[in-house]
Amino acid sequence: MTAREVVIPDIGDAENVEVIELCVGPGDSVEVDGALIVIESDKASMEVPSPFAGTVAEIRVELGDVVDSGHVVAVLEVTREASGERTREEAVPQPSAPAEAAPSQPTPSVAPQPPPPPVQLDGAADGAGVYAGPAVRRLARELGVALSDVRGSGPRGRILKDDVKGFVKSAMAGGATPASAALPAIPAIDFSKFGPVEEVPLTRIRNRGARNLHRNWLNVVHVTQHDEADVTDLDGFRRSLGDQAKARGVKLTLLPFIVKACAENLGAFPRFCASLNPAVDGLILKHYRHIGFAVDTDDGLIVPVLRDVDSKGVWALAAEIAELSELARNGRLAPDHLSGGCFTVSSLGRQGGTGFTPIVNAPEVAILGVGRLDTKPRWNGAAFEPRAMLPLSLSYDHRALNGVEGGNFVVALTRLLGDIRRLVL
């Protein structure tokens, strides 16, 4: 048998993930794709599978370790390899060969000119004109920092992650910050003076979610429009499919119909399927319809993404919603399950009220909140009759969309939900 190292595969834009579970130990046998460890990012938990079948010779991580892509997880005595597996050499960039292997070149008599300094744009509060890489810009957005206020310490004034973190530490310590970036702090209170208390730490997912919601609330110009959709016929049709749903092993709720209607509506209103560019002077229109849906878990709210909703039927969407919801509750979502969304649906189901204000999941520009289905009397022209009414709350970024567009979107959506046959037109 051959000893092989297993490394953490590409985990997308997640960084510094934590090891929260060891699934095997030295001497244990594993099969191809068997779980070795479980890691948790700020968004979800995920398993690291074995690309080999064999026996665990060594585990090189411990509970609580912070790791990243390419980190060695274990050493296995391999009996069988999966097709397309990645070795440590393939996963981690290796140093290049020494420069002396190349033929020597004559030294030019004229010294090379230094590259020109980057052009700085005045008043770029969003950091569009400063010298910083994508990872630094993402960190600044997450922390609510305007890059134009940060002094870079890198080459040619480039802003590094440490510069952003140092700026935040200085602000928290009472250092000088621009008035526009300062927020009044909530005073600390000793609640134990009033009675027994207990402090419970937030999970990593809840903590990250709180920071993301705070960032989105501060940066997005929120407007929310409320309406009701008469889904009497739709709900009756859904109930009539009960036997077919049971035969398929699928729980058919209103949610797959709602996301399907949203996908259709996004085709008619493409500005809702867009993102503002970093300079906030243009829209990036997305020619795909990936829709996220909120799932309540013990660790916090998680938003898996349904891909290409416009090309899938309701049965397929219902099965995929059930699968992703189960993975979310068990902490087994992969990074691909959580990225790429262009619109979000947050349904409160039976717990929902008559309306709420969902917070836009930036860089998306709109989110639909769905309340509790309720039976209400509606005038049909001759008498009142009971109708199943579904509260809808559409929040959107007023920088990208205006009130007329929001109103038209909601009206069109209520028509689709009121007569689901329109989806086939």
Side-chain angles (χ1 to χ4, degrees), residues 226-268 289 291-297 301-329 343-356 358 367-394 409-425:
H226 305 280
D227 206 340
E228 289 182 319
D230 186 341
V231 295
T232 307
D233 296 337
L234 171 58
D235 195 44
F237 175 61
R238 179 189 68 84
R239 293 176 185 274
S240 72
L241 298 173
D243 291 340
Q244 293 184 43
K246 186 175 181 180
R248 290 171 177 263
V250 174
K251 183 179 180 182
L252 188 60
T253 66
L254 283 175
L255 183 57
F257 292 98
I258 294 170
V259 296
K260 182 66 178 177
C262 286
E264 181 72 15
N265 227 30
L266 292 174
R289 299 175 211 170
I291 297 180
F293 66 100
V295 178
D296 185 30
T297 74
L301 198 66
I302 299 178
V303 184
V305 176
L306 299 161
R307 280 176 157 68
D308 300 314
V309 176
D310 54 316
S311 65
K312 296 175 181 176
V314 170
W315 288 119
L317 291 172
E320 192 171 348
I321 288 171
E323 179 185 0
L324 290 176
S325 298
E326 185 69 16
L327 289 173
R329 295 188 181 102
F343 187 84
T344 298
V345 175
S346 179
S347 176
L348 299 184
R350 295 179 180 177
Q351 290 75 36
T354 57
F356 64 105
I367 180 173
L368 180 72
V370 182
R372 180 181 62 243
L373 184 65
D374 195 12
T375 301
K376 295 184 178 182
R378 283 294 183 267
W379 183 255
N380 63 10
F384 284 101
E385 61 177 342
R387 305 295 291 179
M389 305 301 295
L390 188 67
L392 302 177
S393 302
L394 178 74
F409 185 94
V410 172
V411 169
L413 183 60
T414 58
R415 287 175 179 168
L416 283 174
L417 295 174
D419 188 353
I420 203 69
R421 294 173 300 179
R422 294 176 182 273
L423 288 175
V424 300
L425 295 178

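Numbers here are sequence positions counted from 1. What you are looking at is a predicted structure, and each value in this text was computed from that prediction instead of being measured. Basis for what follows: all heavy atoms, side chains included, without hydrogens, waters or symmetry-related copies.
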**OP:** Give the C-alpha distance, both sets of side-chain angles, the deciding distance and a yes or no for side chain to side chain contact (heavy atoms under 4.5 Å, CB included) between Asp233 and Ile420.
**Re:** CA-CA 8 Å; Asp233 296 337; Ile420 203 69; over 6 Å; no
Subject >> Check against side chain to side chain contact (heavy atoms under 4.5 Å, CB included), Arg289 and Lys260 >> reply: CA-CA 10 Å; Arg289 299 175 211 170; Lys260 182 66 178 177; over 6 Å; no
Subject >> Residues Leu254, Arg238; criterion side chain to side chain contact (heavy atoms under 4.5 Å, CB included); working and verdict >> reply: CA-CA 7 Å; Leu254 283 175; Arg238 179 189 68 84; 4.0 Å; yes
**OP:** Check the pair Glu385 / Trp379 against side chain to side chain contact (heavy atoms under 4.5 Å, CB included), numbers first and verdict last.
**Re:** CA-CA 6 Å; Glu385 61 177 342; Trp379 183 255; over 6 Å; no
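Residues satisfying the salt bridge (charged side-chain N to carboxylate O under 4.0 Å, His left out) criterion with Lys246, sequence neighbours excluded, are absent altogether.
Taking a 6.0 Å sphere around CG of Asp243, one finds it holds 12 or fewer heavy atoms contributed by other residues, nucleotides or ligands.
What you find for Arg372 and Pro391 is that their closest heavy atoms are O-CD, 3.1 Å. For the residue pair Asn380 and Ala382, the shortest heavy atom distance occurs at OD1-N, 2.8 Å. When all heavy atoms of Leu252 and Ala318 are compared, the pair lying nearest together is CD1-CB, 4.0 Å. The two residues Ile367 and Ser346 come nearest to each other via the heavy atoms CD1-CB, 4.4 Å. In terms of heavy-atom proximity, Val250 sits nearest to Ala319 at CG1-N, 4.1 Å. Residues Ala261 and Leu423 approach most closely at CA-CD2, 4.0 Å, considering heavy atoms.
Within the structure, the salt bridge (charged side-chain N to carboxylate O under 4.0 Å, His left out) test picks out the following pairs touching residues 301-318 (sequence neighbours left out): Lys312-Glu320.
Ring geometry for Phe343 against Phe409 counts as tilted: the plane angle lies between 30° and 60°, on a 0 to 90° scale.
Here Phe384 contributes atom CZ and Lys376 contributes atom NZ; the two are 13.5 Å apart, rounded to the nearest 0.5 Å. For the atom pair CZ (Arg422) and CG (Asn265), the distance works out to 11.5 Å, reported to the nearest 0.5 Å. Separation of atoms CE (Met389) and CG (Asp227) is listed at 8.0 Å; rounding is to 0.5 Å. One distance of note links CG of Leu301 with CG of Asp296; it measures 6.5 Å at 0.5 Å rounding. For the atom pair CZ of Phe293 and CD1 of Ile321, the computed distance is 5.5 Å after rounding to the nearest 0.5 Å. Atom CD1 of Ile291 and atom CG of Leu317 lie 8.5 Å apart (nearest 0.5 Å).
The closest donor-acceptor contact from the side chain of Ser393 to the backbone of Phe356 lies under 3.5 Å. A distance-only check finds no donor-acceptor pair linking the side chain of Ser325 to the backbone of Ala322 [under 3.5 Å].
If you run side-chain contact (heavy atoms from CB on, under 4.5 Å) between Leu417 and each of Leu413, Asp419, Thr414, only Leu413 comes through. Of the candidates Asp235, Val370, Asp374, Val370 is the only one forming a side-chain contact (heavy atoms from CB on, under 4.5 Å) with Leu390.
Side-chain contact between Val303 and Val295 is absent, with no heavy atoms from C-beta onward closer than 4.5 Å.
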